[in-house]
Each structure stands twice: as structure tokens, then as C-alpha cells.
Amino acid sequence: MDRAERNAIATAVALLLFFFVLIVYAAKGLRIDLPTCITDVEPFKEGRLIQHAKDRYELHVVAKMWLFDFNQGQTEIEIPAGSTVDIYLTSADVVHGMHINGTTVNLMAIPGTVNYARYKFTKPGVYHVVCHEFCGVGHQAMQAKIVVK
Ligand code: CUA
């Protein structure tokens, strides 16, 4: 091995170490991690709206061809303004997308996994929910509603 080769290997090893330190720093120091929308919650089969407190709800959504099951088959729920909702989303069949219009909530519904978002519904109104991932002939009609009173 000549000197140039040794230098090249030393530089490569130094760079690897440098990047490894940067990754550890990003994870620990800057707290940059995997997207938090991914959970280890077990997939569920039925939609459910659970009230934990006056303004705290947990919403389990099952997306399936071609509806969003929000609460035991219902595609419409009603909550009081100011409610914070923990949204868990899964799919019973193919990949769907769920966007709640007028909010920052935009999740993928993936069979076998549960994705998560939290949102505080401060403004009263009707929030339309649409599927934004082509999922078959009923895709266009795959909608739901969150009514905030
Ligand atoms: Cu579900 Cu498109």
C-alpha cells in the first residue's frame, strides 16, 4: 500500500466517523428523529370516538373502500369547539390518504400500521375529510365530516 492509498483510506474512515457523530448529534442533540406520525399502536378494526375529558378526545379512524369509519360505522362526528383530538388512523384494505380540510392534518392510512396526529379544533364549522390517495372506483366519493360546534 502506498502513501496515497493509506491517505484515501484514512480520509474515508475519518468521514464515516464524522457523519456518524453528526447522525448521533442530530438524533440526541437536535432531537431529529423518525416522523412522529408513525406509532406502534396495534391496528384496530372499528372506528371509535372516545371522550377523555370535556375538551379531550381520541379518534380511531378506519379507512376502507370507500369510507372513513369514525365511530362504529359513522362517517360524521360532532365535537365541541376547543377540543383537542388525538387521531389514530389505519386502513382495512388498501392504502388511503386522509386530509382534514382547513387543518394541518394529512395522514396516510396504511394496512397493518397506525398513523397519528393531534389537532386542536378551535374554530367551529364543518371540516370535510377527503381521501387523497387513489384507492379504486369509489375514491372520489370517499369523504367524511367533522362537525365542530
Ligand atoms: Cu380512499 Cu381514495
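The first residue in the sequence is number 1, and the count goes up from there. All values below were derived from every heavy atom in this structure, side-chain atoms included, with hydrogens, water molecules and symmetry-related copies excluded.
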For E5, does the CD atom sit with more than 12 other heavy atoms under 6.0 Å from it, leaving out its own atoms? yes
Handout entry: D69 (side chain) donor-acceptor with N71 (main chain) under 3.5 angstrom
Key = yes
Between the CZ atom in F68 and the CD atom in E76, the distance rounded to the nearest 0.5 Å is 14.0 Å
- Query: Relative to each other, are the rings of H60 and Y88 parallel, tilted or perpendicular (30° and 60° limits)?
  - Reply: perpendicular
(Q) Is there a continuous path of hydrophobic side-chain contacts, each under 4.5 Å between heavy atoms, that joins I100 to V130? (A) no
Can you confirm whether V147 sits close enough to K149 that some side-chain heavy atom of one is under 4.5 Å from a side-chain heavy atom of the other? yes
Q. Does one hydrophobic cluster hold both V41 and Y116, with members joined at side-chain heavy-atom distances below 4.5 Å?
A. yes
Side chain to side chain contact (heavy atoms under 4.5 Å, CB included) between Y57 and I77, worked out: CA-CA 11 Å; Y57 289 85; I77 54 163; over 6 Å; no
Here the gap from T104 atom OG1 to K120 atom NZ, rounded to the nearest 0.5 Å, amounts to 13.5 Å
Is there a donor-acceptor pair closer than 3.5 Å between any side-chain N or O of T122 and the backbone N or O of G82? no
Discussion item. Contact between V62 and K45 at the side-chain level, heavy atoms closer than 4.5 Å - yes or no?
Written reply: no
Discussion item. For a side chain to side chain contact (heavy atoms under 4.5 Å, CB included) check, start with the C-alpha distance between N115 and M98, then their side-chain angles and the critical distance, and finish with the verdict.
Written reply: CA-CA 11 Å; N115 285 345; M98 185 176 89; over 6 Å; no
Exercise for review: Would you sort out whether F70 and V61 count as a side chain to side chain contact (heavy atoms under 4.5 Å, CB included), showing the intermediate values?
Suggested key: CA-CA 5 Å; F70 274 171; V61 182; 3.6 Å; yes
Separation between NE2 (H139) and NE2 (H132), nearest 0.5 Å, reads 9.0 Å
| Are Y119 and I79 joined in one hydrophobic group, where the rule is that I, L, V, M, F, W and Y side chains link up if heavy atoms are under 4.5 Å apart? | yes
No-hydrogen, no-angle side-chain donor-acceptor test under 3.5 Å, Q143 and H128: no
Tested for side-chain contact (heavy atoms from CB on, under 4.5 Å) against F18, the lone hit among L22, L16, V21 is L22
Contact check, side chains of V85 and V105, non-hydrogen atoms, under 4.5 Å: no
In sequence, state the C-alpha distance, the side-chain angles, and the governing distance for I146 and F121, and then conclude on side chain to side chain contact (heavy atoms under 4.5 Å, CB included).
CA-CA 10 Å; I146 297 172; F121 292 87; 4.1 Å; yes
In short, salt bridge (charged side-chain N to carboxylate O under 4.0 Å, His left out) pairs touching residues 121-146 with sequence neighbours left out are none
In terms of heavy-atom contacts, A63 and A109 come closest through CB-CB, 3.8 Å
- Query: Any link between V137 and F134 through a network of hydrophobic side chains (Ile, Leu, Val, Met, Phe, Trp, Tyr) touching at under 4.5 Å?
  - Reply: no
So CG of N101 and OH of Y127: to nearest 0.5 Å the spacing works out to 11.0 Å
Query raised in the report: Any link between L49 and V129 through a network of hydrophobic side chains (Ile, Leu, Val, Met, Phe, Trp, Tyr) touching at under 4.5 Å?
Result: yes
Residues pairing under salt bridge (charged side-chain N to carboxylate O under 4.0 Å, His left out) where one sits in residues 83-110, two or more places apart or in two chains, turn out to be R56-D86, D86-R118
The reported gap from NE2 in H96 to CE in M108 (rounded to nearest 0.5 angstrom) is 10.0 Å
Closest non-hydrogen contact found for A81 with V148 is CA-CG1, 3.4 Å
Under 3.5 Å: donor-acceptor pair, side chain of W66, backbone of C131:
no
